[in-house]
Engineer: 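What follows is a structure written as structure tokens; I'll ask about it next.
Every value quoted in this text rests on a predicted model; they were computed, and no experiment measured them. Quick note: numbers below take in every heavy atom, side chains included, and nothing from hydrogens, waters or symmetry partners.
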Amino acid sequence: MAIDSTSLAEPAPSWFTPKRLLVVFCVINMVNYVDRGAIASNGVNGSPRSCTESGVCSDGSGIQGDFDLTNFKDGVISSAFMVGLLVASPIFASLAKSINPFRLIGVGLSVWTLAAAGCGVSVDFWSITICRMFVGVGEASFVSLAAPFIDDNAPVTQRTSWLGIFYMCIPTGVALGYVYGGWVCDYVHLNLCFFLCSLVVLMILLVGTSFGWRYAFFGEAILMLPFAILGFTMKPLQMKGMSNDKNVPESSTGELSDHTSKKPFSYGSFTSNQLQRVWQDIKDLLHEKTYVVNVLGYIAYNFVIGAYSYWGPKAGYSIYKMNNADLLFGGITIIGGIVGTLGGSIILDRMNSTIPNAFKLLSTATFFGAVFCFSAFCFKSLYVYIVLFLIGEILIFATQGPVNFVCLHTVKPSLRPLSMAMSTVSIHIFGDVPSAPLVGILQDEVDNWRISALILTSVLFLAAGIWFIGIFMHGVDRYNEDSEHPLTTVVEQSDVTPLLENKPAATATTQL
């Protein structure tokens with residue numbers, strides 16, 4: 001008797017197509033960055049309590065007013081998420097080798113959701129600070145693993161464009177925070193997908209403005225909750241170079257069953273092995289010279305972008321007497337971010353997405369972007385400044401797709417999550433975290449925002465120079481390099497189709 005195995009083995013079509021994966025990840029990324037803008041906005045962050053010389057005191061508003069925070073403590077709250085992000089990113093990247101990465105994203109988003117809700121019910125400085133740290137922990141899983149998933153499932157000729165669409169959410173989300181901080185508008189003109197995302201986000205922010213700052217965090221938690229649930233309910237997706245689920249049985253929790261060893265499980269041994277693995281992988285990354293050069297350029301680049309995002313509106317108001325500095329600077333960032341990020345990614349795809357071509361685009365776009373931004377601050381006319389700075393931002397944001405393409409393709413597949421994690425850690429620790437206070441110190445010394453802005457913008461020439469060196473390093477694209485895990489070697493060599501597509505079962509019959 002013959003039985004057709006296709007009737008038994010062929011899986012049902014998956015709802016989670018590559019394009020839907022991209023849209024879902026874009027919405028999650030948007031919410032992540034709007035959260036950063038929301039907590040810094042006037043409606044949520046508020047103002048501290050103050051008293052006039054006549055003895056009349058005000059209660060203040062928002063977080064600062066309710067918790068009676070100094071500016072220093074308020075700054076700690078705004079950056080506390082960095083602690084969780086920097087500590088947890090390498091951990092999640094390492095765990096992706098033994099636990100399904102899609103499930104890890106579900107865990108991270110669950111932590112993010114609970115932490116955001118915790119911010120809404122916080123009662124003092126320490127409670128909201130701890131919650132902000134856990135927001136960073138939740139985000140860590142996403143920033144480490146989302147880009148490799150997208151790169152795996154994008155069409156070969158559109159990989160950089162898909163990454164560009166994903167990273168376009170960063171300037172767009174931050175800019176929405178600016179817009180809300182200066183004035184809660186009715187809508188933001190974006191393409192259809194991001195227009196809908198922005199409407200949802202602005203509804204959250206409007207709720208926070210109408211009912212109090214706590215409701216803004218509740219709204220964020222509600223919006224993120226379905227995606228956290230999705231991470232646990234959808235069939236686990238696979239990532240190239242990871243050893244999970246393909247040949248190794250997975251338990252119901254998403255962890256690999258240890259069928260190759262009969263030794264009893266030891267938590268201490270597991271922790272020690274994980275730490276050793278992380279350290280070894282970090283050393284392997286540091287030996288990838290092309291990757292290191294790319295991250296060094298990214299650090300210098302993010303040093304400027306981070307300071308722009310924090311001091312930009314204040315500098316613009318001081319130099320050009322902008323009436324709505326938050327709104328204007330936010331609008332420039334939205335347009336520059338969308339046009340630049342998509343444009344740079346599409347150009348690299350048209351050039352042929354190679355590592356040398358990526359470095360050519362990175363160095364060229366950053367150099368001319370620096371020229372336009374530097375020139376913008378040299379003119380006294382507000383209108384000339386707007387035109388030149390907008391062109392400069394378009395060129396600067398053209399780097400977002402290419403720089404992350406290089407991060408993903410200069411390392412072997414099993415190190416890609418860690419490469420994204422360490423890139424994120426590095427650009428924050430050495431880039432935007434120190435840049436804002438350093439520019440503040442500079443401004444205290446020179447007391448001239450035009451000079452401070454020109455000195456800051458000059459660092460972009462350093463970034464362009466570092467990336468220019470990368471052109472001559474002849475980096476090898478290691479995307480298709482075999483995994484370090486022998487169990488998946490054969491699968492990795494033959495698995496050249498997007499991982500979300502269901503592969504047809506064999507048509508052979510079984511004789512009984």
Engineer: Under 3.5 Å, is there a donor on one side chain and an acceptor on the other for T410 and E288?
Structural biologist: no
Engineer: Determine, for Y320 and R450, whether the Lys NZ or Arg CZ falls below 6.0 Å from the six-membered ring centre while staying within 45 degrees of the axis.
Structural biologist: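 Judged by the rule (NZ or CZ under 6.0 Å from the ring centre, within 45° of its axis), R450 counts as positioned above Y320.
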Engineer: Between D432 and S435, do the side chains contain a donor N or O and an acceptor N or O under 3.5 Å apart?
Structural biologist: no
Engineer: Aromatic rings F142 and F25: how do their planes relate, parallel, tilted or perpendicular, breaks at 30° and 60°?
Structural biologist: perpendicular
Engineer: With a 3.5 Å cut-off and no angle check, do the side chains of D151 and W162 form a donor-acceptor pair?
Structural biologist: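 The answer is no; no qualifying pair exists.
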Engineer: Looking only at atom types and distance, does a side-chain atom of N294 sit under 3.5 Å from a main-chain N or O of V406, one as donor and one as acceptor?
Structural biologist: no
Engineer: For D152 and R159, what are the C-alpha separation, side-chain angles and deciding distance, and is it a salt bridge (Lys or Arg N to Asp or Glu O under 4.0 Å)?
Structural biologist: CA-CA 8 Å; D152 273 353; R159 282 176 179 160; over 6 Å; no
Engineer: Any side-chain donor-acceptor pair under 3.5 Å between S353 and T160?
Structural biologist: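 Yes, side-chain donor-acceptor contact under 3.5 Å.
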Engineer: Determine yes or no for a side-chain-to-main-chain donor-acceptor pair under 3.5 angstrom, with S141 supplying the side chain and V137 the backbone.
Structural biologist: no
Engineer: Once the angle between the rings of F377 and F389 is folded into 0 to 90°, is it parallel (under 30°), tilted (30 to 60°) or perpendicular (over 60°)?
Structural biologist: perpendicular
Engineer: Measuring from W112:CH2 to E139:CD, what's the distance to the nearest 0.5 Å?
Structural biologist: 8.5 Å
Engineer: Quick one: does any side-chain atom of T399 pair with a main-chain N or O of I396 as donor and acceptor, under 3.5 Å?
Structural biologist: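 Side chain of T399 to backbone of I396: a pair is present.
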